[in-house]
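Worksheet: one structure, shown below.
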Amino acid sequence: MISGLNPGFLLMAGALLIPLLPRLLRQGWLVALPLLSAAQLLTLDRGDRGEVTLAGVTLHTLFVDDLSFTFALVFHLALLLGSIFALKVEDATQHVSAVLYGGAAIAACLARDLVTLFICWEVVAVASAFLIWAQRTPRAYQTGMRYLAWQILSGLLLLAGILALVVERGGPAKLTGPLVFEALPLDGAAGWLILLAFGIKAAFPALHTWLSDAYPEATPTGAVFLSGFTSKLAVYALARAFAGQEVLVYVGAAMAIFPIFFAVIENDLRRVLAYSLINQVGFMVVGVGIGGLGVSGAAAHAFAHVIYKGLLFMSTGAVLFRTGTADANQLGGLYRTMPFTAVCCMIGAASISAFPLFSGFAAKSLIMVAVAEDHRPGVWFLLLFAAAGVFHHAGIKVPFFAFFGHDSGKRPPEAPWNMCLAMGLAAALCIGIGCYPPVLYAILPGPITADYAVYTAAHVITQLQLLLFSALAFCVLMLSGRYPPELTSTNLDVDWLWRRPGRVVWRELTGPIAANFGRLQALLLEGLPAAVSRAVMRPLRVDGLAARFWAMRTSVLVTVVLLLAYLLVGAVHAAR
Amino acid sequence: MGADAKHDEPPRWLDDPSNVRRLLRAFWVVCALIVLVDVLALVGVYDKHGHFRWEEWFGFHAFYGFLACVALVEAAKLLRRVIMRPIDYYEREGEP
């Protein structure tokens, strides 16, 4: 359609129209917009470039290759399905933030240079927070703030990394072309800062709490969008910059393992799904760390995952919408009156568990093969454990406790037609990809081709053995009464460190700052910049300090420190 | 929303415990069969090519899956002892 236009920008511009439209027109627009944008994506050629000059800076906003295309395409699917699911939501804020969020995620994964990536990275952070705040409860407000703080930290680290990269390449004077977003070495500050920025959004261990904390507090429809974009954008970014980095194999394996223990004892089914989301992203990170076939597997898994995870969040969202709760111990027996939702949930569960004929099987197998072919028995055992575990908690627990199990006596009506339509489409995609994986393999980056044979007798039989005996373990534990009961509780995660003792230490340390906030703000915003500019103006002469290399590094450092300081002061002010 | 259970609603197939037992019995049989399929690999009907030698052991994936899930649940129960708190834990002030 429009040559060189990043479809994400189309979506972001379209999002701004949403609040102006009357109800029916808005609903039509919400469905038409992702379709229009997808049409734009499909007409772009590989290697297409879009250059935009803003205030004298040329941004290279578009780059289409197999990797970015795969992610951009599935983000469009997620946005379309999510928009249909949320069609009847009256709150325009949620629609605007969802489309902005999805549009920015798409724009980010099609961005050619790091500056465009950074801008979109920040829009993703801010727009998504509104999907949590839209619950409009004090609890959601607090959670949203914690969520946003992590997202902003990720953005700051990315900015610091980009600036460090400029320095490592000899300063701005020596940059001839754009700061292309491509493979980055992990041999200096730049690489590590950017890896950490991506790591926060990918929910690396100990950097993950924003996800398990915030997603279950989002609106029933908001969680569907949240589950799709942020962490998969991070997987894309890791695949683009750090494919084949050994460290990711171990980080990914840890991510695949630790959340499943939390998922088993968690009562809130949306939090169970949040933990299993981290577990699934762990598989992808392992794939990225291995490189080659692993990157194909990671992209395939991300593609399948966005759809089935969205489906699972939709079905629990529909239950939450109809019953007002997603707590396992308050649900049960809903299959009687919500049979369609129950079936869709089970299709999503079969997909995430990688049952043959469902999408997860076609995708996860590639990562397992990549791990085996790379001769990593330790990681292979861990991932197999995680694969059994995910079936146990996401595959069985979620549908069982919501729709079967103990009869809660609740008889809510079936989900509204638009929710059913979105779930039905997502379920059809899960089965379609699972039964005919060449459609997925054909678009993947890396060495995978459409004729890759995933359905070998050995593959299917070993996978069925693994899954059926995981189910057997569930039955045996249930029947023998050894399965832990679902209990209303808060389960501490590493965020306890900063939400409890950390907070006390913080208060003690920052008490004086909070008391003098006004003066500090004046100092930071007026006094310090004035002093800095006085100090900087002097050496700006041709033979001055600024002409020397280290001054560049110093100013980068000063900028980042100032930004961080201001963020901290703001946080203190908010916590007062 | 959520209307409550009505007394006059027809009983569902799954409401009958004997049907649940039947379902479980069918499941035990399926589990047994899927392991016995490995006999076909032993006699060479299909190639159970694995990248690691233990993948070719009889019923390896089945046993691993079962043990993994039991270990997972038992470990999670232990974890619960350490990390479980009241639901409003973070809303309460001044507790350790």
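Worth saying up front: this structure is predicted, and the values here are computed from it rather than measured. Below, read A as the first sequence line, B as the second, and so on, with proteins coming before strands; counting in each chain starts at 1.
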Under a 4.5 Å heavy-atom cut-off, does chain A meet the side chain of B/Val37, its backbone, both or neither?
-> side chain
Should A/Arg482 and B/Val73 count as side-chain neighbours, where that means a heavy-atom distance under 4.5 Å?
-> no
Who among B/Asp88, B/Leu40, B/Asp15 has the most heavy-atom pairs with chain A under 4.5 Å?
-> B/Asp15
Among residues 469-480 of chain A, those lying within the under-4.5 Å heavy-atom range of chain B are A/Phe469, A/Ser470, A/Ala471, A/Leu472, A/Ala473, A/Cys475, A/Val476, A/Leu477, A/Leu479
With only heavy atoms counted, which part of B/Leu67 is less than 4.5 Å from chain A, the side chain, the backbone, both or neither?
-> neither
With A/Arg139 via side chain to side chain donor-acceptor pair (under 3.5 Å) - residues at least two apart = A/Glu217, B/Glu91
At their closest point, which heavy atom of A/Ser489 faces which heavy atom of B/Ile87, and how far apart are they?
-> O-CD1, 3.5 Å
Check whether A/Phe391 gets within reach of chain B through its side chain, its backbone, both or neither, counting any heavy atom under 4.5 Å.
-> neither
Rounded to the nearest 0.5 Å, how far apart are CD1 of B/Ile34 and CG of A/Leu468?
-> 6.0 Å
Indicate the ring-plane relationship of A/Phe381 and B/Phe60, choosing parallel, tilted or perpendicular according to the 30° and 60° boundaries.
-> perpendicular
Can you tell me how far the CD atom of B/Glu55 sits from the OG1 atom of A/Thr462, to the nearest 0.5 Å?
-> 7.0 Å
Sort out for me which of A/Gly389, A/Pro377, A/Ala386, A/Ala388 touches chain B most, counting heavy-atom pairs under 4.5 Å.
-> A/Pro377
To the nearest 0.5 angstrom, please state how far the CD atom of A/Glu266 sits from the CE atom of B/Met84.
-> 11.5 Å
Kindly indicate, with the supporting measurements, whether the criterion side-chain contact (heavy atoms from CB on, under 4.5 Å) is fulfilled by A/Trp496 and B/Arg85.
-> CA-CA 11 Å; A/Trp496 177 80; B/Arg85 295 289 184 282; 5.8 Å; no
Largest heavy-atom contact set with chain B, pairs under 4.5 Å, which of A/Leu464, A/Thr488, A/Ile461 = A/Ile461
Distance in Å, A/Gln465 CD paired with B/Asp38 CG, rounded so as to fall on 0.5 Å steps = 4.0 Å
Scored by heavy-atom pairs under 4.5 Å with chain B, the best of A/Leu334, A/Leu384, A/Asn267 is A/Leu384
Distance from B/Arg80 atom CZ to A/Phe261 atom CZ, nearest 0.5 Å?
-> 14.5 Å
Measure the spacing between CZ of A/Phe385 and OH of B/Tyr64 and express it to the nearest 0.5 Å.
-> 6.5 Å
Look at B/Val35, B/Val70, B/Val30 and state which one has the largest set of heavy-atom pairs under 4.5 Å with chain A.
-> B/Val35
Flag this pair as yes if the NZ/CZ of A/Arg503 is under 6.0 angstrom from the six-membered ring centre of B/Tyr90 and inside a 45 degree cone about the axis; otherwise no.
-> no
From the options A/Met368, A/Arg376, A/Glu373, select the one residue that forms a side-chain contact (heavy atoms from CB on, under 4.5 Å) with B/His51.
-> A/Glu373
Part of A/Asp495 within contact of chain B (heavy atom distance under 4.5 Å) = both
